[in-house]
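Working notes, beginning with the structure itself.
Order of listing sets the numbers, starting from 1, for every ligand and every atom in it. Both backbone and side-chain heavy atoms feed into the values below; hydrogens, waters and symmetry mates do not.
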Amino acid sequence: MKSKLIFSPNYDFGIMGLEKLHPFNAKKFSKAWALLTNEFGEKINSFSTFIENPATDEELEIVHSREYLTSLRQSKVIASVVEIAPLRFVPNFILQKGLVDSAKYATAGTLLAARQALDSAIAFNIGGGFHHAFSDHGEGFCFFADAAFALETLRLEKKVLSTDKVLMIDLDAHRGNGFTSFYEKDKSVGIFDLYNMQVYPGLKQGDPDDFPFIIPLRAGLGSDEYITLLKTELPLFLDANPKPKLAFYNAGTDILAADKLGALNVSYDAINERDRFVVESLRERNIPTVIITSGGYSSDSYKLIADLASYLIRTNA
Ligand SMILES: [Zn+2]
């Protein structure tokens, strides 16, 4: 399968330094991209697409209520999504440009990645993965439900049918409560989610037998246990969901031991191993795949993102 990268420098956040009030590394997308351009030089343009335009409110209405989209014109709403209370005093146009527009560019990137993936590829959007966004509100630094937006747009265009199987493999440290809220009752969407149940948004409620692949982990879980669990459970999940039309891989790097928000204890090398195992598992089954970066709050997050992108390109089939 072909490997493709999608990116825009507009994915970076920036609000006059105020973004430093959150552990998110606002420039990590550009830093990851810089590593890749160093490695591949001009050649990078031959397998990359740059996002020129952000997703619009009209487009986003396919998954979000108009009320929610309109509410983002209030600084206090943006402040609550990104959990930086002082931002409610910042003029809205500054937050639009520095935060909301960034998320809209990355959301457009996830849709483009999904389009490219359907063309028999693994397409890596160097951003996105906003798995805490709901139809009527955002939380956990997630404004827009980019994966649901991509899927619903493709369904509307009949490029993905409602009977087609679609998978979400969410390996961010936090449970993908937003994505799940869209598809919990949709049997055509299979969800695999290894998450730390002791951090936000906590243990999934309900009968675990109803969602056997949304698997809680305890805080501090180490590399060996994590990798063993992944290598046991992911093949079972893929066997239980044969021949999907499309898969999303939410490759959050906040499972890294140094990541304060993820609160797991997985090593840098084990995250490389995780990413390669997921990619090879999907490649060997010829599953068109969208990769999105999701959370990652350590100083090494951008390097892990670049490692995965580099691996995809170097092993391009
Ligand atoms: Zn996370």
Side-chain angles (χ1 to χ4, degrees), residues 11-13 19 21-29 31-32 80-84 99 102-103 106-107 109-110 124-134 137-148 168-183 191-204 213-223 226 229-230 234 248-268 270-272 274-275 278 290-305 307-308:
Y11 290 2
D12 283 348
F13 298 108
E19 68 277 4
L21 296 170
H22 189 280
F24 202 94
N25 180 344
K27 304 281 180 265
K28 76 171 186 175
F29 306 111
K31 289 175 81 172
S80 81
V81 174
V82 297
E83 299 165 359
I84 308 174
L99 287 171
S102 302
T107 298
T110 299
F124 188 1
N125 182 25
I126 311 290
F130 306 129
H131 62 161
H132 302 306
F134 293 73
H137 75 282
E139 54 183 61
F141 220 94
C142 298
F143 289 99
F144 308 114
D146 59 328
M168 167 57 81
I169 298 163
D170 188 344
L171 299 184
D172 184 277
H174 303 90
R175 180 164 59 81
N177 56 341
F179 184 84
T180 305
S181 75
F182 286 92
Y183 296 110
I191 300 177
F192 182 90
D193 192 343
L194 298 184
Y195 71 99
N196 183 352
M197 65 179 172
Q198 291 172 278
V199 295
Y200 160 86
L203 184 67
K204 177 155 176 46
F213 294 106
I214 299 181
I215 303 172
L217 312 175
R218 57 175 168 72
L221 187 84
S223 303
Y226 185 92
L229 186 66
L230 174 68
L234 184 61
F248 291 90
Y249 173 31
N250 204 50
T253 47
D254 52 5
I255 66 168
L256 185 69
D259 193 293
K260 290 187 172 58
L261 296 190
L264 292 169
N265 195 24
V266 180
S267 71
Y268 192 103
I271 296 180
N272 281 163
R274 172 197 76 167
D275 288 343
V278 174
V290 179
I291 305 178
I292 39 190
T293 58
S294 205
Y297 311 94
S298 70
S299 58
D300 280 339
S301 174
Y302 77 97
K303 295 179 197 161
L304 287 160
I305 292 168
D307 285 350
L308 173 53

Given T293, D170, D172, the one that forms side chain to side chain donor-acceptor pair (under 3.5 Å) with N250: D170

Contact list for residues 257-267, test salt bridge (Lys or Arg N to Asp or Glu O under 4.0 Å), sequence neighbours left out: none

Measure from the ring center of F141 to the ring center of F13 and say whether it is less than 6.0 Å. yes

Which atom of D172 is nearest the Zn ion (ligand 1), counting N, O or S only? It is OD1

Identify, by name, the N, O or S atom of H174 lying closest to the Zn ion (ligand 1). ND1

Within the 4.5 Å heavy-atom criterion, are Y297 and L256 side-chain neighbours or not? no

Which atom, counting only N, O or S, brings D254 closest to the Zn ion (ligand 1)? OD2

